[in-house]
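Heads up: the structure comes next, in structure tokens.
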Amino acid sequence: MRVSRSTISWLYVSPLMFVLIPFFVLPILVVLVASVFETDGFGGLIPTFTLANYATVLTSGLTFNLYLATVKFTVLTWFFTLLLGFFVAYFLVFHVRNPLLAIGLFLICTVPFWTSNIIRMISWIPLLGKEGLINSALLRIGLIREPLEFLLYSGFAVVVAYVHQLTIFMIVPIFNSMARIDKRVVEAAIDAGASRFDIMRLIIVPLSKSGIALGSIFVASIVMGDFFVTKVMSGGGSASVVSAFYEDISVLQYPGAAASAIVLTVVLLAMVALILRTVDIRKEITR
Amino acid sequence: MSTAPQAVTMADERMTKRAIAPSRGGRPWTFYLLATLFTCYVVALYGPMICIYILSFQDVRGGLVFPMKGLSLHWFVDLFTQVRTGDVKGAFDRSIKLAIVVTVITVVVSFMAAMAFRRRFPGDNIVFALMIGSLVAPGLVLGIGVGLLFNAIGIETSPYASALGAQLSWTLPFGVLVMFAVMSRFNPAWEEAARDLGATAWQTIRLVIIPVLAPGLVAVALFGFTLSYDEFARTLQTAGPQNTLPLEIWSMTLNVTSPSLYALGTVTTIISFLIIGAALGTIVFIQRRRGARAS
Amino acid sequence: MAVLRGDIELAGLTKSYDGVHTVVQGINLKIPDGAYCCFLGPSGCGKTTILRMIAGHEDPTDGEILIGGENVVGLPPVTRGTAMMFQSYALFPHLSVRDNVAFALRIRGLSKADRYRKTDAMLEKVRLSELADRLPAQLSGGQQQRVALARAAITEPRVLLLDEPLSALDEQLRVRMRLELQRMQRDLGITFVHVTHSQLEAIALADMVVVMDRGEIKQAGPARDVYAAPRDRYVAEFLGGQNVFSGRVDAIKDNLVSFAAPQMKHVAVPAGSSRVGKGDIIDVAVRRDDVDLIRPGIDLAPDTSSLASRVLAVEYQGNFVKVMLDATGEDEFVAYVPERVFFRDPYTIGDVVQATWPCHLARLLAKTTSPTA
């Protein structure tokens with residue numbers, strides 16, 4: 001007896017589905033269901049169908065501010081990680097002549113990824129703090145009289161921590177795209193009289209597009225879904241959509257929190273879907 | 001992230017199609033500019049971490065910032081003995097055990113899924129979309145969803161049920177994406193050749209596919225371990241009454257203001273480095289062994 | 001598993017993907033035991049698909065495959081007594097040469113000592129003993145090819161299937177490896193089925209050449225028959241060495257066909273057994289090395305066809321000179337002139353010449369159904 005090929009494929013993929021369905025699909029559905037329930041105010045849920053939670057979420061000025069703050073962090077982080085990631089990858093691929101050295105430098109960039117994110121975040125405290133290295137150095141050389149307060153426990157610190165953690169998510173896919181660019185294409189462009197800027201604009205950037213898209217998905221989805229960095233590095237001063245969600249949960253406001261979570265998830269998925277329309281990452285990775 | 005391991009294993013391949021920098025002659029000015037940028041990036045990447053490693057070796061007078069006050073292992077002892085810092089030892093133990101379980105499952109399941117995805121099958125796009133969805137969904141929301149789900153069906157949240165599942169929903173998409181990249185280097189003719197020589201499907205997997213992909217599988221294992229060992233948002237609401245290490249660190253960041261926090265950072269980093277070293281060592285060992293028989 | 005005869009019979013063999021796109025269209029063919037058979041055709045003509053169906057790596061949509069008189073459709077590769085040598089060899093990259101060759105024996109459960117004894121004997125045969133511990137990546141193309149051959153041959157197949165075995169090699173090595181394949185086939189005494197797009201390779205190696213086009217067999221037979229007596233325009237053009245041109249039949253007299261067009265008034269072709277009538281447009285083939293060039297004005301022997309033409313280009317080939325003429329309008333017309341003959345009285349571009357050949361050496365081709373005719 002011969003089993004059909006698609007049956008075999010489904011057998012292979014079934015363990016994955018056994019994880020994704022109970023631990024991704026169902027939890028999201030549970031949150032969706034909770035978002036249309038009412039709360040009894042003590043953590044209990046009253047099974048009804050109401051869109052009131054959504055109405056509250058969508059009409060409240062608080063929500064607007066939260067989204068604004070989250071989007072601000074996302075855009076800033078995305079911008080800086082892209083800038084850094086792109087040029088670091090470009091340097092490694094196109095400027096380091098010895099390929100083994102390039103691989104070595106690349107690995108140096110990736111090693112911190114394998115260490116604890118939380119520790120890496122905390123590690124900014126002795127640098128950025130009021131009595132931290134940067135402030136004491138600036139004070140000593142007389143550039144400032146008072147310690148700079150905005151360095152730690154501020155929006156600035158949040159962005160620094162994000163960029164520190166997430167640039168690697170840009171470097172790796174962009175490096176990978178760039179490494180696939182045929183060197184002769186660039187040489188042909190030089191032969192055709194293209195300037196360094198033309199090459200960058202007309203060849204390198206378009207051919208690294210898929211890496212940029214993939215990196216953007218990682219960075220944007222992590223920042224928008226995060227609350228930890230915002231909470232610790234802003235010193236409680238800033239909030240994000242997810243940190244507000246966390247607060248709601250801790251005071252047992254499940255339905256409201258769920259509604260806000262669903263809105264966030266929809267926004268995130270829409271954004272990712274939009275990026276994915278421009279690049280077929282499945283083909284990109286398997287090619 | 002899917003390509004970090006490729007860079008490890010495919011170094012020789014990269015050599016052939018790299019570097020636009022002219023192979024002779026002087027460096028362009030952009031080289032110096034970008035080299036400076038790169039150096040700054042690496043300094044910013046490692047600098048802060050090195051600071052806390054240094055600060056963790058202060059003596060009892062130590063504070064959270066420079067200058068160093070004394071030199072001792074005080075805060076490491078403090079970390080594992082003081083009650084006020086919580087159950088660090090237990091958290092280590094739980095996190096490492098859980099990470100090992102997650103690693104094993106991630107390697108096996110990602111490998112199988114990547115086997116399926118080598119050809120198209122009905123519904124493959126749905127599976128792929130679910131995977132990407134699971135990857136980008138906000139971790140805390142998913143964690144709470146899992147918590148509520150367990151609550152609704154009346155199971156207590158615990159490390160090896162709810163936390164394990166929640167972490168897998170994060171490590172598996174990563175693992176499968178890495179496996180995609182690894183698999184793209186696998187020539188399907190090898191599989192056919194094995195079949196032609198009489199191998200059963202299982203023999204083909206055991207004698208050809210797994211050995212050929214071994215370095216890639218180690219890379220997936222490294223991903224699985226690290227992502228689980230470091231996972232916070234999904235674990236927060238699913239780990240049950242006892243903390244995993246990141247949860248422990250999280251609660252410490254909120255109450256502990258002594259260098260024992262840094263000591264913890266140093267210890268977890270040492271463990272991370274041991275794991276990275278083990279993974280790279282295994283990959284090198286596999287390649288060596290192949291080369292050794294050949295000399 | 002007893003090794004039986006290695007004769008192959010394909011009956012109505014059809015393969016179509018998704019039921020629309022048919023790549024192999026009802027092939028019927030008998031390959032005798034111990035033959036060296038080459039499937040020849042351009043890429044996409046279905047030759048590799050046939051090979052893979054014989055090997056059992058693809059299932060036919062319809063039809064039968066008999067090996068040694070036994071229908072093997074649906075059987076797994078290993079029970080068919082076939083072994084395949086893959087395009088670019090597909091050597092296992094993680095196994096040494098010895099372990100690659102020993103793979104099939106390992107699968108059969110032979111002890112390490114037994115399989116290495118057999119393997120080393122096989123490596124001896126393909127002269128790879130010194131390289132037994134190397135990895136495939138450390139071998140040259142020719143060495144890899146020999147490993148692939150040894151790996152396939154160790155299963156003691158009755159049929160060896162070779163998918164473009166020489167295409168990964170450079171020109172010189174290809175010629176050497178051709179001899180190697182021939183020697184192996186004689187030594188093993190089994191049927192070789194070899195797929196190639198190179199007519200040189202096919203006619204050099206094969207006892208039997210099968211010319212394919214778009215999933216159909218155009219002609220099958222001994223190499224010399226196919227080369228010297230192509231059945232139609234497609235085969236003649238694919239195998240090369242022939243001038244093919246067409247003309248409208250004017251008359252048939254004494255079994256000689258003559259043509260209507262004025263520039264072909266000195267051309268006559270034996271009608272043979274084919275049925276042609278006045279007014280038909282027919283294809284004629286004449287071997288390029290049968291064509292003599294003479295200056296205009298020189299008298300022709302009787303029963304000689306001639307075409308008046310002008311030299312378009314001259315290409316020196318070493319042992320002969322290729323002279324391209326404008327004799328037949330759109331069809332390419334070439335004469336292969338022996339080097340010594342040519343340089344006795346060289347032609348230059350623009351010279352007016354007469355291309356001549358004895359009438360009986362030209363052949364009428366079967367009418368092809370394809371619109372290219």
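Atoms considered below: every heavy atom in the structure, side chains included; atoms not considered: hydrogens, waters and symmetry mates. Per chain, numbering begins at 1; letters A, B, ... match sequence-line order.
Among the candidates A/Ser14, A/Ala257, A/Gly225, A/Ser123, the residue making the largest number of heavy-atom pairs closer than 4.5 Å to chain B is A/Ser123. In terms of non-hydrogen atom pairs under 4.5 Å with chain A, the most contact-rich of B/Ile50, B/Ile271, B/Leu37, B/Thr269 is B/Leu37. Ranked by heavy-atom pairs under 4.5 Å with chain B, the first of A/Ala258, A/Cys109, A/Ser9 is A/Ser9. Contact tally against chain B (heavy-atom pairs below 4.5 Å) for A/Ala261, A/Ser6, A/Pro112: the top residue is A/Pro112. By number of non-hydrogen pairs under 4.5 angstrom with chain A, the leading residue of B/Leu140, B/Ile52, B/Leu135 is B/Leu140. Highest contact tally toward chain B, considering only A/Val111, A/Leu29, A/Ile217, A/Val241, is held by A/Val111 [criterion: heavy-atom pairs under 4.5 Å]. Of the listed residues (B/Leu236, B/Val42, B/Val108, B/Leu227), the greatest number of heavy-atom pairs within a distance under 4.5 Å of chain A belongs to B/Leu236. Between chain B and the options A/Phe245, A/Phe87, A/Trp124, heavy-atom pairs under 4.5 Å are most frequent for A/Phe245. Heavy-atom pairs under 4.5 Å with chain B were tallied for A/Leu269, A/Val242, A/Val272, A/Ile122; the largest tally goes to A/Ile122. Ranking B/Ser169, B/Gly265, B/Gly165 against chain A, the residue ahead of the rest is B/Gly165, based on heavy-atom pairs under 4.5 Å. Your options are B/Ile105, B/Leu172, B/Leu164, and the one with the most heavy-atom pairs under 4.5 Å with chain A is B/Leu172. Heavy-atom pairs under 4.5 Å with chain A were tallied for B/Thr30, B/Leu55, B/Ile132; the largest tally goes to B/Thr30.
No hydrogens or angles considered: a donor-acceptor pair under 3.5 Å links the side chains of A/Thr7 and A/Ser4. Side-chain N/O atoms of B/Thr171 and B/Thr106 include a donor and acceptor closer than 3.5 Å. A donor and an acceptor atom, one from each side chain of B/Thr266 and B/Ser56, are located under 3.5 Å apart.
Residue A/Ser136 does not touch chain B at all, counting heavy-atom pairs closer than 4.5 Å. With a threshold of 4.5 angstrom between heavy atoms, B/Ala35 approaches chain A through its backbone and through its side chain. With a 4.5 angstrom heavy-atom cutoff, A/Ile118 touches chain B via backbone and side-chain atoms both.
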Distance-only criterion, 3.5 Å: show the donor-acceptor pairs between side-chain atoms of residues 272-280 of chain B and protein atoms not counting sequence neighbours.
| residue | atom | partner | partner atom | Å |
| --- | --- | --- | --- | --- |
| B/Ser272 | OG | A/Trp114 | O | 3.4 |
| B/Ser272 | OG | B/Thr268 | O | 3.1 |

Quick one: side chains of residues 111-119 of chain B, donor-acceptor pairs under 3.5 Å with protein atoms, not counting sequence neighbours, listed by atom name and distance.
| residue | atom | partner | partner atom | Å |
| --- | --- | --- | --- | --- |
| B/Arg118 | NH1 | B/Glu191 | OE1 | 2.8 |
| B/Arg118 | NH2 | B/Glu191 | OE1 | 3.0 |
| B/Arg118 | NH2 | B/Glu191 | OE2 | 3.1 |

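The two atoms that bring B/Arg234 and B/Gly139 nearest to each other are CG-O, 3.5 Å, heavy atoms only.
Taking 4.5 Å as the limit, every side-chain heavy atom of A/Phe94 sits out of range of all side-chain heavy atoms of B/Phe31.
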